[in-house]
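Each remark here refers to the structure printed beneath this line.
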Amino acid sequence: METLSIKTENKFRTLISKQTYLKGEAICTMPSENIMDKPNRYTVQIARDRHTHVGKLAALNHSCDPNVILDTDKMLMIARRDIEKGEELSFFYPSTEWEMQAPFICLCGAANCIHVVAGARFLPLSTLENHYLNPHIRDLMTELLKNTRLHLKKLQEG
Ligand SMILES: [Zn+2]
């Protein structure tokens, strides 16, 4: 955690790496303070009905082409690609969040930008497939697809 610093500019916080990391390297453990059953704009979802405050990592911004992943199974932040010293760290919010309490418009500029960041449940499978997803997001997505299929079947049967 001491290899990370928070930069604040116009009340906008960013998390900066103070050293280089190689792809796949664990950067730090995810702090877990204050577990709640409902999300807010500062929490990270770590299981179907568990949301936690993550200390310094709350300064992590979203990107559609992120350089870190949050592994909620191992509770680790891991480099998704090589990271330079001084680089801002970001992760793909829908990789942990199913339904966000405070959706926003993404201006990351990535070619694959999803534009509306509201949680995994609002994204097509074809988009989610290109990202690292935590087990609770995979489970919830499988459930949603199963329910949709059942619903369609009922409609067809009249
Ligand atoms: Zn984006």
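One-based numbering, in listed order, for ligands and for the atoms of each.
At least one donor-acceptor pair under 3.5 Å links the side chain of Gln45 to the backbone N or O of Ala47. No donor-acceptor pair under 3.5 Å is formed between the side chain of Asn67 and the backbone N or O of Ile83.
Vertex the Zn ion (ligand 1); arms to Cys64 SG and Cys113 SG; angle rounded to 10 degrees, 110°.
Of the charged side-chain nitrogens involved, none lies within less than 4.0 Å of a carboxylate oxygen, so that Asp37 and Arg48 do not count as a salt-bridged pair.
A distance of 6.0 Å or more separates the ring centres of His62 and Phe91.
Taking 2.8 Å as the threshold, Cys106 counts as a candidate ligand of the Zn ion (ligand 1), since one of its N, O or S atoms lies below it. Coordination check, His62 versus the Zn ion (ligand 1): failed, since every N/O/S atom of the residue sits at 2.8 Å or beyond.
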